[in-house]
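Notes for the one structure printed next.
Sequential numbering from 1 along the given sequence is applied to the chain's residues. What you see below is based on every heavy atom in this structure, not just the backbone, and it leaves out hydrogens, waters and symmetry mates. Both counts, for ligands and for their atoms, begin at 1 and track the order of listing.
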Amino acid sequence: MNERILGLKPYPMVELARRKKALQDQGVEVFDFGTGDPKEPTPSLVREALCAAVPIVSQYPSVQGELRLRQAFCAWFRRRFGVDLDPETQALPSRGSKEAIFHLPLVLVDPSRDRNTVVYPQPGYPVMEIGSLYAGAQTHPVLLNASNDYLMRPEMVPEEVLARAAIVWLNYPHNPTGRDLPEELFRAWVEARERHGFVLCSDECYTEIYFGEKPRSLLEFGMEACLAFHSLSKRSGMTGYRSGMVCGDPELLAFYRRFRAGMGQAMPVFEQEASRAAWGDEVHVEERREIFGQKREVMLKGLRERGFEVLQTSSTFYLWVRCPRGVSDREMAARLLDLGIIVSPGSFFGPGNEEWFRFALVPSVEDCARALERIPPQEQWKKE
Ligand SMILES: Cc1ncc(COP(=O)(O)O)c(C=O)c1O
């Protein structure tokens with residue numbers, strides 16, 4: 001067996017699903033704010049496009065995907081970020097962004113070389129670390145917290161680490177906090193990349209879930225050795241479809257395509273058609289933002305009225321909330337669980353986050369309000 005697998009902690013969301021099932025088996029009504037997997041219906045135009053495209057004879061799809069899917073994505077990218085991408089060479093479909101994020105170190109890191117390190121935010125999406133460990137890469141988490149405003153800056157990483165970095169991951173809008181990266185820090189990272197020669201990757205799966213200024217894409221600021229990872233999961237309610245797109249530097253993508261061909265990861269053509277419909281429509285995205293915005297208002301108001309400190313952000317459907325003084329994140333999550341409310345403790349997203357926990361705004365607006373009724377004011381949580 002691979003020793004690296006034995007050394008890994010279980011994926012945190014698996015643990016949440018286990019606890020939820022145990023409660024439901026006891027007949028408890030559970031409000032699940034744990035995993036970021038919203039329940040709003042997938043738009044009908046997506047479902048219809050999928051059904052209409054199911055063929056009588058179904059053959060292997062190509063790794064590169066149909067040109068018309070890549071064209072639809074690149075047209076969206078142009079409309080949304082004002083950046084022209086060549087659909088022939090600058091966009092490659094993935095089965096959601098998770099697998100692509102996981103695999104990337106296998107493609108770009110040779111553990112025997114000096115340049116063998118992956119740099120990523122912590123707290124952050126656990127897959128950046130997990131994929132790096134499977135690939136045998138060295139890992140370097142960048143510790144984000146309230147005092148640095150959860151903003152990842154090049155000067156937070158020692159020069160010698162940047163010099164041996166193969167990949168630097170950005171993730172803005174940021175899971176779990178919802179923080180956005182200002183333009184000047186995107187530029188600072190592109191400059192750092194030019195100085196040190198790593199590949200700069202940006203996980204952009206939440207760019208469409210915003211309630212203030214529109215989040216930016218890395219590719220507005222740099223293209224050489226830059227990759228952006230997009231997804232229809234959150235934008236279009238398609239977590240179950242597994243549809244994403246990796247875009248950016250054409251040379252890197254040509255190299256990456258060879259890897260994907262070897263692995264045999266390709267998107268079925270009927271899913272490509274559903275994805276094409278989704279990238280081509282903005283109405284359903286606005287409707288989703290409207291619903292998430294309502295949930296945010298209800299939860300923000302309710303939590304603040306109860307005295308909780310919620311990090312002030314304007315993107316993603318996550319709320320990052322400080323634990324009452326003296327109560328750890330795990331204890332907070334366990335006590336909320338006793339009330340039938342599932343949240344993610346901050347430490348699920350890496351050590352150093354034990355004072356925080358995350359709400360994913362998954363339950364309906366009504367259920368958000370009902371769940372709040374079960375949450376006592378903050379001062380009642382404090383330890384004696
Ligand atoms: C920061 C971040 N990146 C990537 C993903 C993966 O999304 P998907 O594989 O559904 O595209 C998630 C999912 O929750 C996420 O939170």
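Aromatic pair Phe73/Phe77: centroids less than 6.0 angstrom apart. Aromatic ring centroids of Phe81 and His230 lie under 6.0 Å apart.
Residues lining ligand 1 at a heavy-atom distance below 4.0 Å are given as Gly96, Ser97, Lys98, Ile101, Tyr125, Asn171, Asn175, Asp203, Cys205, Tyr206, Ser231, Ser233, Lys234, Arg242, ordered by chain and residue number.
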Under 3.5 Å, side-chain donor or acceptor atoms of residues 85-92 against the rest of the protein: list the pairs with distances, not counting sequence neighbours.
| residue | atom | partner | partner atom | Å |
| --- | --- | --- | --- | --- |
| Asp86 | OD1 | Glu88 | N | 2.9 |
| Asp86 | OD2 | Thr89 | OG1 | 3.3 |
| Gln90 | OE1 | Asp86 | N | 2.8 |
| Gln90 | NE2 | Gly248 | O | 3.1 |

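Contacts of Asp149 classified as salt bridge (charged side-chain N to carboxylate O under 4.0 Å, His left out), with partners at least two apart in sequence or in another chain: Arg179. Residues that satisfy the ring-ring contact (aromatic ring centres under 6.0 Å, His included) test with Phe198, not counting sequence neighbours, are absent from this structure.
Contact check on Glu99 versus Arg242 returns no salt bridge, with no Lys/Arg side-chain nitrogen under 4.0 Å from an Asp/Glu carboxylate oxygen.
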